[in-house]
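As structure tokens, the structure follows; a few thoughts come after it.
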There are 2 protein chains.
Amino acid sequence: MRHHHDIQALRKQGFRLTRQRMLILELLRSSERHMTADQIYAEVSQHHPEINLATVYRTLQWLHQVGLLRKIDVGKDRLEYEYAHDAEHHHLICKVCGDQTQIDNHVIQTLQAHILEHYGFEADPDHVALFGRCAQCRAAETE
Amino acid sequence: MRHHHDIQALRKQGFRLTRQRMLILELLRSSERHMTADQIYAEVSQHHPEINLATVYRTLQWLHQVGLLRKIDVGKDRLEYEYAHDAEHHHLICKVCGDQTQIDNHVIQTLQAHILEHYGFEADPDHVALFGRCAQCRAAETE
DNA sequence: CGCCTTATTGCAAATACTTGCAATAAGCAG
DNA sequence: CTGCTTATTGCAAGTATTTGCAATAAGGCG
């Protein structure tokens, strides 16, 4: 399952999968809606009163940075967060041979971050598709 | 001139062009860089000590909503703002309102370089189009 | 110009979010 | 399972941002 895959990869990168992080991620993953930090805090602390609001904020920041959450500015006084389903389905489509390559999140996330940063535009990760010429076709063209 | 045009249009929509708003807009327009709320406050209050920080925040929100400023979340503890000059070339297409924004080369060039380097894929710069939600629709989506 | 309506401001208080630091616990090695 | 290293947490205090409300002033009208 993709979810587990991501999570385990993160552990290998030296991040720790704490109870708090899992609780928050699971909540957002099972909830279909955006949630604000304090809604999340309220939900989680219902069953785990020991959790701290500062931890919620820090965890949300972290989950956003590693690409598991989207951060949404709805123009109100708070930010909202939602689980980033299918965060890595991007494609490079070759105009010559039609081949489609998948590319990893990191590159696209960098682009998305740039765009959000500079234009306030939240690019939809499900529709990123770049056209061009793949490595093989480029090589072939050179003879 | 586009700037004046915009501004006058706003007045017709019932907004008031106050000294505070003009000062802040001019500052950002003449400054090439991003600025945080308190940097702006510091600058403006230098010559206009009567200005209030809350007003700065409210004005920034307003300028952002009417599309004259971009709001930039650089992942630090504060938000930054920059004047929304007309950019060039590629497009960001809003799935909500259909609006097309042009984005500048720099961002795309960075992406292209990344992709060429990591995938040997030469992305065609003329066909970059990203779908998503524009700043205004994101702000408007007040649910 | 002077009056009127009401959007906007300034102030102060409230709320949202971040951070320093000591204590805790995840994950690895033995 | 046990001990060690250090990422992460909780707490409390700090900083950033928003908001209610009375006072001010922009812009329209005569």
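The analysis underlying the following values was restricted to heavy atoms, covering all of them including side chains, and did not include hydrogens, waters or symmetry mates.
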Is it the case that the side chain of B/Ser45 and the backbone of B/Ala42 share a donor-acceptor pair, with hydrogens and angles ignored and the cut-off at 3.5 Å?
yes
Which of D/dG20, D/dT17, D/dA12 is nearest the side chain of B/Leu79? It is D/dT17
Whole angstrom value for the distance that separates P of C/dA7 from CG of B/Leu10:
15 Å
Rounding to an integer number of Å, can you tell me how far A/Arg21 CZ sits from C/dT24 C1'?
14 Å
Side-chain contact test, heavy atoms from C-beta onward, threshold under 4.5 Å: evaluate it for A/Leu69 versus A/Glu82 and give yes or no.
no
Rounded to whole Å, CH2 of A/Trp62 lies from P of C/dA26 at a distance of 13 Å
Looking at A/Leu23, is its backbone amide N or carbonyl O close enough to the side chain of A/Glu26 to form a donor-acceptor pair, meaning the two atoms are under 3.5 Å apart?
no
Looking at residues at least two apart in the chain, or sitting in another chain, which of them share a side chain to side chain contact (heavy atoms under 4.5 Å, CB included) with B/Arg21?
B/Phe15, B/Thr18, B/Thr59, B/Trp62
If I take atom CD1 in residue A/Ile40 and atom P in nucleotide C/dC17, what distance separates them, rounded to the nearest angstrom?
10 Å
Quick check for you: among D/dG10, C/dG10, D/dT17, whose closest atom lies nearest to any side-chain atom of A/Glu50?
D/dG10
Quick one: is D/dT9 close enough that its OP1 or OP2 comes under 4.0 Å of any side-chain N or O from A/Asn52?
no
How about A/Gln8 and A/Leu17: do any of their side-chain heavy atoms sit closer than 4.5 Å?
yes
Under 4.0 Å, heavy atoms only, any strand: does A/Leu53 hit a base, just the sugar-phosphate, or nothing?
nothing
Considering only heavy side-chain atoms of A/Asp77, the closest of D/dT19, C/dC17, D/dC11 is D/dT19
Would one find a side-chain N or O of A/Arg11 under 4.0 angstrom from OP1 or OP2 of C/dG27?
yes
At what distance, to the nearest 0.5 angstrom, does CG of B/Leu68 lie from CZ of B/Arg29?
9.5 Å
Return the value, rounded to whole Å, for the distance between atom NE2 of B/His48 and atom C1' of C/dG10.
17 Å
Here the distance between atom C1' of D/dG10 and atom CD1 of A/Ile24, to the nearest Å, is 13 Å
Of the nucleotides D/dT18, D/dG10, C/dG10, which has the atom closest to the A/Ile51 side chain?
D/dG10
Looking at DNA chain D, which of residues 13-20 of chain A put a heavy atom within less than 4.0 Å of it?
A/Gly14, A/Phe15, A/Arg16, A/Thr18, A/Gln20
A/Tyr57 OH to C/dC17 C1', straight-line distance once rounded to whole Å:
5 Å
What is the distance, rounded to the nearest whole Å, between atom CG of B/Leu23 and atom C1' of D/dA25?
15 Å
Salt bridge (charged side-chain N to carboxylate O under 4.0 Å, His left out) partners of residues 38-55 of chain B, not counting sequence neighbours, each pair once
B/Arg19-B/Glu50, B/Asp38-B/Arg78
